[in-house]
Amino acid sequence: ADTVKIGYVSPQTGPLAPFGEADKWVIEQMKTAFKDGIVIGGKKHVVQIVLKDSQSNPNRAGDVANDLILKDKVALILTAGTPETANPVSDACELNEVPCISSVVPWQPWFFGRKGHPATGFNWTYHMFWGLEDVITSFTNGWMAVATNKKVGALFPNDGDGNAWGDKELGFPKPLSGMGFSLTDTGRFQNGTQDFSAQIAAFKKDGVEIVTGVVIPPDAKTFLTQARQQGFKPKVITLGKALLFPGAIEALGDLGDGLSTEVWWSPSHPFTSSITRQSAKDLSEAYETTTKKQWTQPIGFTHALFEVACDALKRSKSLKPGDVRDAVASAKLGTVVGDVAWGGKGPFKNVSKTPLVLGQWGKGKKYKYELTIVNNVSAPRIPLGGTLRLL
Amino acid sequence: MNPSYKVVRSIQGGQALLAVGLALVGLAVSLPWWGESSWMREFVEIACYFIFAMMWNLMAGYGGMVSIGQQAFFGLGGYAMLVLGNFLGINPFVAVLLGALAAGLIAIPVSRIAFRLQGGYFAIGTWVIAEVFRLTIANIPAVGGGSGTSLTALRGIEKATRESVTYWMALACVVASIGLVYFFLRSKQGLALLAIRDNEVAARSQGVAVGRMKLAVYAVAAFGAGLAGGLYFVGNLRISPDAAFSVNWTAFAIFMVVIGGIGRIEGPLVGALVFWALNKFFSDYGTWYLIGLGLLAIVMTIYFKQGLWGYAQQRWGWTLFPTARRLVLNTTLATGLTPVQPAGPSIDGMPSATVNSGDPFQDGPNPSSRYAQ
Amino acid sequence: METLLQGLLLGGLYGLFALGLSLMFGVMRLTNTAHGDFIILGSFSTLALVGAGLSPVMAMLVTLPLAWIVGYALQRYVLNGTLGKDPLPSLVVTFGLSIVTQNLLLELFSADPRSIETNGLNALGWSITPDLSVGVLPMIILALAIATTAGLQWLFNHTALGRSFRAVSDDREIAELMGLNARKVYAMATALAFVLVALAGALQGMRTTVAPSDGPLLLLFAFEAVIIGGMGSFWGTLAGALLLGVTQQVGFRFDPGWGIWGGHLMFLAVLVLRPQGLFPKTRG
Amino acid sequence: MPLLALHSVSKSYGALKVTDSISLSVQKGETLGILGPNGAGKTTLFNLISGDASVNAGRVEYNGEDVTALPPHLRCRRGMGRSYQVPQPFGNMSVFENLVTAACFGGGQTERAAWDTAVQVLDQTGLMPQANKPAGSLTLLNRKRLELARALATGPQLLLLDEIAGGLTEHEAHELVEELQRIKASGVTMIWIEHVVHALLSVADRLFVINFGQKLAEGKPHDVMNDPEVQRVYMGMEV
Amino acid sequence: MAALLQTHHLKAYYGDAQALFGIDFELNAGELVAIIGANGAGKSTFLKCLTGLVKAKAEAITWKGQPIGGMPPGKIVRQGLAMVPEGRRLFASLSVEENLLMGANAQRQGPWSLDRLYRLFPILNEKRHLPGTSLSGGQQQMVAIGRALMSNPEVLLCDELSLGLAPIVIREIYNAMPSITAEGMAVVIVEQDVSVARQVSQRLYCFQEGQVSLQGLSTDLSKEQISHAYFGV
Ligand SMILES: Nc1ncnc2c1ncn2[C@@H]1O[C@H](COP(=O)(O)OP(=O)(O)OP(=O)(O)O)[C@@H](O)[C@H]1O
Ligand SMILES: Nc1ncnc2c1ncn2[C@@H]1O[C@H](COP(=O)(O)OP(=O)(O)OP(=O)(O)O)[C@@H](O)[C@H]1O
Ligand SMILES: [Mg+2]
Ligand SMILES: [Mg+2]
């Protein structure tokens with residue numbers, strides 16, 4: 001029978017490895033789901049999924065994407081997990097004229113980080129995730145619910161996310177000052193920085209009570225331990241990226257309790273898979289049963305990427321890149337992370353948005369730390385689990 | 001007064017070799033019409049490695065300057081190309097050349113710092129310099145800072161055109177870099193460079209401007225590295241400081257040169273072929289592949305210093321790019337210096353001089369051994 | 001004030017990085033481009049032992065003698081063959097070792113950054129004044145750096161081993177004539193350097209996170225400290241390291257993105273203005 | 001005007017004063033012989049003249065120009081040719097190429113002209129049979145010959161020769177002397193350091209004796225050799 | 001009885017260049033032998049072969065009948081051969097006393113100790129803590145000799161002892177010779193100064209171009225023979 005190959009690129013190793021941790025499991029699940037093949041253009045095709053590791057390294061991500069396109073000759077590439085992987089993969093697809101669906105990057109760093117032009121957009125690359133506007137709304141709403149001096153200290157590194165979050169126009173600074181928060185941003189630092197005393201000193205000096213940012217997990221640990229060493233105790237710590245994962249929280253020991261972060265997917269999200277018909281809760285429980293590990297947020301999105309891919313391939317006239325691309329572009333699908341459809345105005349020609357809420361880590365029953373949703377202003381469909389506590 | 005003589009600078013079968021070479025180039029030029037686009041991409045990539053290695057060889061193998069910081073110029077070439085293309089709207093392919101030029105020019109002030117150090121210190125010092133460039137670029141938001149940016153200048157150009165132009169350009173650069181190094185080494189300046197490598201003190205006392213020569217070689221090597229960089233990123237569309245200024249570029253160059261044989265033009269050529277083959281068959285082994293490369297470089301350096309081509313040259317006297325000057329006297333006396341061999345036709349039509357006169361000269365053994373350059 | 005203090009604490013760690021490099025430079029004129037990777041190797045071996053259930057101190061006690069053996073064997077069987085007037089062989093070989101070490105660690109431990117569990121020691125702070133508090137672990141590191149420097153300097157100046165280090169470094173041929181086996185002396189020097197490297201690595205792993213690809217940056221810091229300090233004296237190396245730490249810290253204050261850049265720039269400035277280093281050897 | 005004039009030049013290595021305020025001048029066409037015990041500072045004096053070492057004090061004038069601060073390669077291009085006591089060949093290049101290099105850069109010739117010069121010098125110095133051998137493979141004697149040949153190939157006005165006769169057989173020494181006499185007759189000025197005294201005496205117009213970096217004696221060869229101090233210090237024989 | 005130290009057709013090379021072309025030499029216990037010869041004749045190379053610094057065939061050099069050619073220098077010095085190298089070559093970063101102690105590395109028993117050396121060269125005692133290289137040439141030469149003696153050798157090889165030294169210093173050093181050889185130590189000196197060589201030695205070898213051109217009892221050889229062998233005239 002004919003074969004259709006789907007490429008998948010994510011960080012399996014390196015500082016961003018937690019983003020790719022669940023991929024192997026999801027892919028196994030997909031192999032079962034696709035074991036009978038899918039019909040494309042009237043012909044049955046065996047599905048083969050090729051997984052490549054970007055090692056959290058943008059250069060490597062581009063290289064493996066090129067390999068997938070030129071050597072493996074995949075029909076479609078899926079990619080997820082921070083701009084460091086998704087952007088170069090998307091660029092390689094755009095360059096080589098192969099369709100690509102990406103996720104787990106706020107859409108601004110994905111679109112503007114790749115120098116996308118809102119008027120023309122991209123021809124081959126499509127993206128599904130939330131945007132900075134959502135994360136700003138969720139974070140600030142959460143902070144306004146507790147008593148603080150509204151002094152915020154920011155940790156924005158010199159990478160795709162950090163540059164977007166900290167951007168004067170697109171990022172945090174403008175809306176924050178609009179809402180009466182003052183922002184201490186000491187500047188972009190290198191990922192893997194071993195010493196945060198400069199930032200800590202600046203935060204202490206400005207009397208910062210809220211710390212936010214988007215840092216990689218090891219840097220969060222370095223920052224938090226050094227803050228403790230140097231006697232800096234903010235009331236709220238809401239970090240993107242670093243605090244998404246239970247493993248990272250556990251590694252922090254006692255420092256982990258009460259930290260908050262953005263939540264893009266959880267078992268309580270009210271959506272179901274178009275392939276397996278599992279609800280979000282079923283999906284996470286299935287993961288926990290097989291792997292004996294606590295659920296993580298990327299599970300939903302990895303799963304959803306395959307949902308969109310499967311749907312598009314089924315609707316595609318042939319395996320010609322142009323046909324597959326057209327099928328992707330015309331997707332209208334309810335997935336386990338919400339509804340996916342492209343074709344809005346400006347950047348939204350290539351971007352489909354999914355909902356976002358705020359969560360907080362606390363001592364759990366089943367696991368050492370569990371995530372509770374504490375603010376849902378920007379996505380009221382997602383049920384609340386509690387309210388934000390101070391540290 | 002002078003015995004009549006001839007200076008032979010070619011090898012036997014040179015013309016045949018030249019013909020084979022030209023045929024290969026011709027074949028390569030036509031590749032876009034019959035080959036697959038993945039082949040072109042592969043060639044461009046290996047061409048970048050090769051040009052980079054060739055320049056590293058010129059600098060370390062001939063000039064005695066062992067640098068681990070050549071990625072500075074690779075990255076600068078790439079970024080200069082990007083800035084010229086993205087912001088100034090210059091055709092990216094033209095921008096590649098201009099970027100290389102920029103890298104070469106920047107090398108001149110940089111050399112003032114780097115030349116303060118010698119030997120191993122020079123090596124690591126140049127690495128620090130490369131890091132300074134990396135961090136500087138990473139802190140400039142206009143070029144995307146640490147996350148890098150995409151080359152938008154190429155977006156308007158059709159895929160097939162882009163691919164073949166990039167490919168031809170890489171091919172031209174490969175041929176040009178071989179030609180450049182070859183003719184440079186054959187020239188009077190090449191003689192000076194060899195003299196410096198052998199004995200700096202004596203070279204100075206024979207009137208060779210050692211400092212200027214080293215600077216020239218450093219700048220030319222930077223130009224070549226910049227060229228490789230520009231070319232690489234034109235083929236890749238996306239550039240980031242970590243990729244552009246990665247020490248791996250130099251690591252692979254060192255590997256190729258050491259495997260092929262340092263201080264000979266054939267070295268990087270053979271090294272690049274070996275590297276390409278290893279890469280093709282083993283790169284899927286990922287880290288194990290890299291571990292293997294590292295071990296191979298170590299073993300070669302300790303047990304097999306002259307490299308593959310050096311071995312062939314010693315063993316069988318092979319040379320593809322003759323740069324030596326062999327003196328042949330125009331007499332057929334049995335006791336003569338060198339039997340007037342039917343010296344192979346000159347590979348490139350370099351003049352073989354003949355001066356009249358006819359002194360007999362002293363007896364002597366027959367030194368016909370070729371030797372390493 | 002706080003910047004200065006934090007800079008000195010950071011410099012203490014760099015000092016530990018640099019001492020081993022300085023030792024190998026000094027005795028063998030060997031530029032070890034794999035130095036940083038060996039530091040990381042030290043971190044990971046301690047880390048693996050802690051992972052296997054040993055306490056951090058026990059793990060270090062196991063790692064240090066192991067490092068001695070590895071260093072000795074490496075010099076004896078690999079690096080000795082590369083010494084000589086031409087710097088190329090030793091550079092290529094150590095560079096090869098760097099790649100091998102990095103990828104081996106990558107294979108064994110993956111690219112994830114990790115840190116060594118110290119049972120909360122790394123979060124302990126010590127408040128000097130109400131607004132000024134420093135980490136206990138960094139203080140310990142600085143103290144160790146100073147102690148190690150003093151120890152090395154003493155070893156070099158006042159023991160038979162130190163005498164043979166200096167002798168082979170001055171004139172290998174004559175030293176052999178005096179009955180020294182230069183290859184063994186070199187091996188001892190590298191072994192000692194490796195102990196320092198392993199110590200530095202373990203402490204680095206406790207203070208912050210380490211990943212297999214961190215090595216080169218550490219090599220550059222160590223190298224800069226050695227050159228800034230000026231060749232030939234360990235106190236100079238430590239001073240260079242402290243200066244580098246303070247400069248970086250000042251740079252971080254100015255803008256976190258430019259801190260390390262500032263350190264590099266200071267190094268280059270020293271190179272241009274005072275190529276012999278700030279505290280060159282003052283003997284006799 | 002003398003071709004070369006040293007004005008109280010001094011040089012120390014650490015605490016060791018190797019050249020101690022030496023003044024000397026050499027006229028065009030003259031051959032000056034330099035004698036002195038081992039380690040007296042003869043080679044060092046050459047280094048100061050050729051620019052391989054820089055003076056701590058004093059001045060070097062060449063052709064009326066102050067060349068004290070001039071780097072060696074420019075001094076060479078102004079007409080100073082030098083041979084080294086410890087031969088310094090370009091070991092991986094052939095003898096012929098060694099000479100071509102010297103003629104090209106020291107002599108400022110085009111490559112084509114340099115070939116002519118090289119062939120002529122090869123012929124003149126009897127190195128023709130070795131022309132295509134790598135210089136590194138030569139025997140010591142031939143290396144020393146190459147030193148002379150290379151210095152000649154730069155087309156020197158002033159030739160600095162450091163112990164080129166050591167180890168020659170009687171016959172060879174005789175040939176060398178004849179060769180040097182020919183060079184001298186062609187108008188080249190020479191300074192020659194030599195321990196093989198009888199060879200030196202048959203070419204030198206004047207002798208200059210150094211001991212401990214200082215001038216011990218200077219003058220007509222015959223007078224200098226009969227100087228009791230020179231006999232004692234240099235020949236080491238009690239008179 | 002076989003000689004203490006013998007060479008049989010010893011050849012030596014520096015890379016491709018041959019420096020010694022078959023040297024036959026012998027030395028008996030308690031003897032003082034001088035080697036003379038022009039620059040580059042191979043005298044230093046010969047001594048380096050004896051001490052293992054230049055490689056030689058094993059059988060080419062025998063020590064008490066045992067082949068020692070090509071042994072590492074460290075082993076040879078433990079057998080009892082010590083060398084005072086040409087140009088002194090003190091360790092620049094070691095003090096006078098440390099330089100002397102380096103000699104004791106061979107750990108051979110015998111009469112020589114720091115104390116005894118300081119008695120022989122009292123000036124060194126005064127300067128024991130100064131860096132070796134800050135001494136005058138003559139004093140450095142004393143350190144170099146002392147360093148060799150500290151290994152309590154049976155044979156002392158001295159290369160160009162008087163090189164660069166004032167005549168008065170040379171005399172001082174040669175005056176110390178008898179007290180050095182008194183206990184039966186054999187000595188080989190390489191000396192440019194023919195008259196000194198003849199005065200102090202019992203036997204003489206003259207080297208020319210890597211070969212022995214003349215040998216015999218110092219008192220038997222005439223000035224003419226020597227200058228013929230030396231200069232080739
Ligand atoms: N680069 C240097 N560094 C330190 N000392 C040096 C240096 N060059 C020469 N010397 C010392 O200077 C002194 C004079 O050396 P020089 O080579 O000039 O002697 P020479 O008269 O040429 O002797 P010979 O006849 O043996 O060639 C010697 O003691 C030597 O050790
Ligand atoms: N390290 C070396 N490499 C190459 N050739 C060398 C080396 N050392 C000595 N030679 C050569 O070997 C030959 C013998 O040198 P050696 O030093 O033994 O002579 P010598 O008799 O001691 O002379 P001198 O009186 O100058 O000390 C010389 O021609 C010399 O040029
Ligand atoms: Mg001399
Ligand atoms: Mg000698």
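Proteins come first, then strands; the chains are lettered A, B, ... in the order of their sequence lines, and each starts at number 1.
For B:Val132, the parts lying under 4.5 angstrom from a heavy atom of chain C are both the backbone and the side chain. Neither the backbone nor the side chain of C:Leu30 comes within contact range of chain B; no heavy atoms are under 4.5 Å apart. Interface remark: B:Ile68 contributes side-chain atoms only to the contact with chain C (heavy atom separation under 4.5 Å). Using a 4.5 Å cut-off between heavy atoms, B:Ile113 touches chain C through backbone and side chain atoms alike. The parts of C:Leu271 that come within reach of chain B are both its backbone and its side chain, each placing non-hydrogen atoms under 4.5 angstrom from that chain. Heavy atoms of B:Leu293 lying under 4.5 Å from chain C are absent altogether.
Rounded to the nearest 0.5 angstrom, C:Ile99 CD1 and B:Leu295 CG are separated by 10.0 Å. Note: C:Leu106 CG to B:Ile291 CD1 = 8.5 Å, rounded to the nearest 0.5 Å.
Residues passing the side chain to side chain contact (heavy atoms under 4.5 Å, CB included) test with C:Ala175 are C:Ala167, C:Val168, C:Leu180, E:Phe91, sequence neighbours excluded.
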Record all donor-acceptor atom pairs with a distance under 3.5 Å between chain C and chain B; write none if the list is empty.
{"from": "C:Glu107", "atom 1": "OE1", "to": "B:Thr287", "atom 2": "OG1", "distance (Å)": "2.1"}
{"from": "C:Glu107", "atom 1": "OE2", "to": "B:Trp288", "atom 2": "NE1", "distance (Å)": "3.3"}
{"from": "C:Gly257", "atom 1": "O", "to": "B:Asn139", "atom 2": "ND2", "distance (Å)": "2.8"}
{"from": "C:Trp261", "atom 1": "NE1", "to": "B:Thr136", "atom 2": "OG1", "distance (Å)": "2.6"}
{"from": "C:Val272", "atom 1": "O", "to": "B:Arg116", "atom 2": "NH1", "distance (Å)": "3.0"}
{"from": "C:Val272", "atom 1": "O", "to": "B:Arg116", "atom 2": "NH2", "distance (Å)": "3.4"}

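Nearest heavy-atom pair, B:Ile298 versus C:Val93, reported as atom, atom and distance to 0.1 Å: CG1-O, 3.7 Å. When all heavy atoms of B:Gly120 and C:Pro87 are compared, the closest pair comes out as N-CB, 4.0 Å.
Tested against B:Ile124, the residues C:Ile227, C:Val226, C:Leu219 include a single side chain to side chain contact (heavy atoms under 4.5 Å, CB included) partner, C:Leu219.
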Can B:Val247 and C:Phe95 be said to form a side chain to side chain contact (heavy atoms under 4.5 Å, CB included), step by step? CA-CA 11 Å; B:Val247 71; C:Phe95 206 54; 3.8 Å; yes
